[in-house]
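One structure below.
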Amino acid sequence: MIEKLKLFYRFSRRRQCLLALTVGCSFYSWVLMRLFNQYARFEGLQKPAKIFDYQLIANIRWAIFVVNKYVPWQNVCRHQAYQAKLLCQFYGVPYQVFVGFKKNAESGQIDGHAWTMVGAEMVTGFCNPSEYTTQAIYQG
């Protein structure tokens, strides 16, 4: 644990802030989707805007990945998409959250997945979007 704290303090202030925000967003999204699922909304449809800071997008992606590795609670694709939504809103970055479904060839069941895109950059839910039938696209 001490080694992880030492590593944390070697990160830039931006990454430290993003990690702290992502831990909070991760716990918030887990509680929200576990206990208050009716209030978990990705927002409405809006016109897409242009991206300004690709390094910020890379740092958001990195923070969500790192937090996902270490949090003790469930942090699945929809939770990560919600975290990306919150962080993008905080920094004023336009985003798109996709919700899609595909039929699992092995089990015959329908698999759902959520992923987040900022422009052409995938932030969470790394997948091949062409494999999924998109059910909804939320923009903010």
**OP:** Determine, step by step, whether Thr134 and Val99 satisfy the side chain to side chain contact (heavy atoms under 4.5 Å, CB included) criterion, reporting the C-alpha distance in whole Å, the side-chain angles of both residues, the deciding distance to 0.1 Å, and the verdict.
**Re:** CA-CA 6 Å; Thr134 303; Val99 178; over 6 Å; no

Original post:
Same hydrophobic cluster for Val76 and Tyr82, using side-chain heavy-atom links shorter than 4.5 Å among ILVMFWY?
Top reply: no

Inter-residue atom distance [X].[atom1] - [Y].[atom2], 0.5 Å rounding:
X: Ser29; Y: Arg78; atom1: OG; atom2: CZ; result: 9.0 Å
X: Phe101; Y: Gln135; atom1: CZ; atom2: CD; result: 5.5 Å
X: Gln139; Y: Cys88; atom1: CD; atom2: SG; result: 12.5 Å
X: Gln109; Y: Lys103; atom1: CD; atom2: NZ; result: 10.5 Å

Hey, are the side chains of [X] and [Y] touching, using non-hydrogen atoms and a 4.5 Å cut-off?
X: Trp30; Y: Val71; value: no
X: Tyr95; Y: Met117; value: no
X: Arg61; Y: Phe126; value: yes

Subject >> Nearest heavy-atom neighbours spanning Met122 and Cys127 >> reply: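 For Met122 versus Cys127, the nearest heavy atoms are SD-N, 3.5 Å.
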
Subject >> Non-hydrogen atoms of Ala114 and Ala81 that approach each other most closely >> reply: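 Closest heavy-atom pair between Ala114 and Ala81: CB-CB, 4.2 Å.
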
**OP:** Apply ring-ring contact (aromatic ring centres under 6.0 Å, His included) to Phe11 and list each qualifying residue two or more places apart in sequence or on a separate chain.
**Re:** Trp62

Original post:
Of all residues at least two apart in sequence or in a different chain, which pass the ring-ring contact (aromatic ring centres under 6.0 Å, His included) check with Tyr132?
Top reply: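 With sequence neighbours excluded, Tyr132 shows a ring-ring contact (aromatic ring centres under 6.0 Å, His included) to His113, Trp115, given in chain and number order.
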
With [X] via side-chain contact (heavy atoms from CB on, under 4.5 Å) - residues at least two apart:
X: Thr22; result: Ala63, Ile64, Val67, Gln83, Leu87
X: Ala20; result: none
X: Phe90; result: Leu21
X: Gln55; result: Arg14, Asp53, Ala58, Asn59

Original post:
For Arg15, what residues pass the salt bridge (charged side-chain N to carboxylate O under 4.0 Å, His left out) criterion, not counting sequence neighbours?
Top reply: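 If we apply the salt bridge (charged side-chain N to carboxylate O under 4.0 Å, His left out) test to Arg15, skipping adjacent residues, there are no hits.
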
Holding to side chain to side chain donor-acceptor pair (under 3.5 Å), I want the full list of residues that pass it with [X], two or more places apart in sequence or in another chain.
X: Thr133; value: none
X: Glu131; value: Lys102
X: Trp73; value: Ser26
X: Thr116; value: Thr124

**OP:** Could you note down all residue pairs passing salt bridge (Lys or Arg N to Asp or Glu O under 4.0 Å) where residues 64-76 supplies at least one of them, sequence neighbours left out?
**Re:** none

Original post:
Are any side-chain N or O atoms of Gln80 and backbone N or O atoms of Asn75, one a donor and one an acceptor, separated by less than 3.5 Å?
Top reply: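 Yes, the answer is positive, given that a donor and an acceptor are paired below the 3.5 Å cut-off.
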
**OP:** For side chain to side chain contact (heavy atoms under 4.5 Å, CB included), just list the numbers for Val123 and Ile57, CA-CA rounded to whole Å, side-chain angles, deciding distance to a tenth of an Å, and then say yes or no.
**Re:** CA-CA 7 Å; Val123 180; Ile57 304 309; 3.8 Å; yes

